[in-house]
Amino acid sequence: WRMRAGHGGVEGGDAAPMLVVFDDITQTRLTERMRVDFVANASHELRTPLATLTGFIETLQGPAAEDEPARRRFLDIMAREASRMSRLIDDLLSLSRIELDKHVRPVAVLDLNGVIGDVGKTLAMRLEADERMLIIEEATPLPPVIGDRDQVLQVLHNLISNALKYGRSGTPITVTAKGEPAGGGALAVVRLCVSDVSEGIPVEHLPRLTERFYRVDSLRSRRMGGTGLGLAIVKHIVERHRGRLEIESRPGEGTKVSFTLPQAKSAA
Ligand code: ADP
C-alpha cells in the first residue's frame, strides 16, 4: 500500500482536514517485479547455451582444429545447444503472443474430433524412440467447443511432451477427452486429460509448476530439452479459453494434467 497525504480544500483555520488516499500498488509492484525477474531469467536461459557455443567455437578454432572425432562430437553438442536456443525463443514468442491477446476471448467453434491423434502424429518419432504408446480414449463424437485450434494443439503438445520427458520409458501415455454436462452453475465443457506413469511430482511443487522457468529438477528438464515455459504457456492458453487447469500427481504412480474447454452450445 502507498499512502498519499495532503491538505484538503477547506479554507481558513488551522485544523484543515488531512486527505488520505490509499492506492493499492502492491499488484503493480508485483507485476513490475515479475517482469524484471522474467527478463533476467530469460537472459540467463539464453546465455547458458550461448556460453557453451562460444566455448566450443574457441576449441574448434584452436586445440581441436585437427582432431576429427572431437570435432564431430563438439559439432553435435553445438547443434543441440543451438536448437535449445531456438526452442526457447519459440516459447518466449508464443508466451508473449498469448499474453498480448489474453483478454480476447476465442470465438471460433472448434471440432475436437481427431485433434489428439493429430498431435500424436507430430510426436510419433519421439514416442517410438522411447517405446511409448499413446492411448487415446475419446468420446465419439466429442461436442464442439469454443477454441483456437492452434492453441489447443499447443496445449496438448506441451502436455504429451511432458509425459514423454518425465514419464517412465516403455510406459503408455493416456489421453482422454469427454464432454461434461452443465451443472451447479458450471458451463458444459469438454475435459481433456493427459496421464503418465512416472515417479510423480512431490506435492509441494504442484502450485508452482506453471510459473515461468520453474522446474522440479533443472538438470533433468535441461537434459530432456525442456525450456521451463511449457506449463506457463498451457496455463495462459487455458485461462484465455476460460477453462480450468488441474495438475494431480501421485508419488510413485504418475501425473495427470487435465484442462477444460467450454462447449460451443453452452458458451453461446
Ligand atoms: P519444462 O520445459 O522444464 O518441461 P514445463 O513448464 O513444461 O517446463 O514444466 C515445468 C516442470 O514441471 C518441469 O521441469 C518438471 O519438473 C515438471 N513437470 C511437468 N510435467 C511433468 C510430468 N508429466 N511429470 C513430472 N514432472 C512434470
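As a basis for the values below, the full set of heavy atoms in this structure was taken, side chains included, without hydrogen atoms, waters or symmetry mates. Both counts, for ligands and for their atoms, begin at 1 and track the order of listing. The structure presented is a predicted model; accordingly, all values stated were derived computationally and were not measured.
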For [X] versus [Y], what's the shortest heavy-atom pair and its separation?
X	Y	result
L112	L142	CB-CD1, 3.9 Å
R215	S221	NE-OG, 2.9 Å
L92	A42	CD2-CB, 4.2 Å
L209	L231	O-CB, 3.6 Å

Is [X] in polar range of ligand 1, meaning some N or O pair under 3.5 Å apart?
X	result
A232	no
G200	no
D196	yes
N162	yes

Below 4.0 angstrom, N of the basic side chain to O of the carboxylate: do [X] and [Y] qualify?
X	Y	answer
E137	R191	no
R168	E253	no
K121	D118	yes

Matching residue for E99 among R35, K235, R212, R240 - test: salt bridge (charged side-chain N to carboxylate O under 4.0 Å, His left out):
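The residue from R35, K235, R212, R240 that satisfies salt bridge (charged side-chain N to carboxylate O under 4.0 Å, His left out) with E99 turns out to be R212.
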
Looking only at protein heavy atoms, which one is nearest to atom 15 (C) of ligand 1, and how far off is it?
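Sorting protein heavy atoms by distance from atom 15 (C) of ligand 1 puts Y166 CZ, 3.6 Å first.
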
Nearest-contact summary for atom 3 (O) of ligand 1 - protein heavy atom, Å:
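Here the nearest protein heavy atom works out to S221 OG, 2.6 Å.
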
Out of all atoms in ligand 1, which are within 4.0 Å of some heavy atom of [X]? Include the element for each.
X	result
T227	2 (O)
L229	6 (O), 8 (O)
V216	16 (O)
K165	1 (P), 2 (O), 4 (O)
R215	3 (O), 14 (O)
G228	1 (P), 2 (O), 3 (O), 6 (O), 8 (O)
Y214	10 (C), 11 (C)

Looking only at side-chain N and O atoms, does R244 offer a donor or acceptor that is under 3.5 Å from a partner on S258?
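Not at all, the side chains of S258 and R244 share no donor-acceptor pair under 3.5 Å.
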
Mark the output for I201 as yes if a heavy-atom distance to ligand 1 is under 4.0 Å, and as no if none is.
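I201: in contact with ligand 1 (<4.0 Å).
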
Can you tell me if E204 has over 12 outside heavy atoms packed within less than 6.0 Å of its CD?
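Check passes, neighbour count above 12.
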
Just let me know how R220 lines up against ligand 1, side chain, backbone, both or neither, with a heavy-atom cut-off below 4.0 Å.
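Neither part.
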
Does ligand 1 have a heavy atom under 4.0 Å from the side chain of L231, from its backbone, from both, or from neither?
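The answer is both, backbone and side chain.
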
Pick from V234, D91, L209, L159: the one approaching atom 17 (C) of ligand 1 most closely through a non-hydrogen atom
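Comparing heavy atoms across V234, D91, L209, L159, the nearest one to atom 17 (C) of ligand 1 lies in L209.
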
Relative to the ring of F38, is the ring of F213 parallel (under 30°), tilted (30 to 60°) or perpendicular (over 60°)?
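Ring orientation of F213 relative to F38: parallel.
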
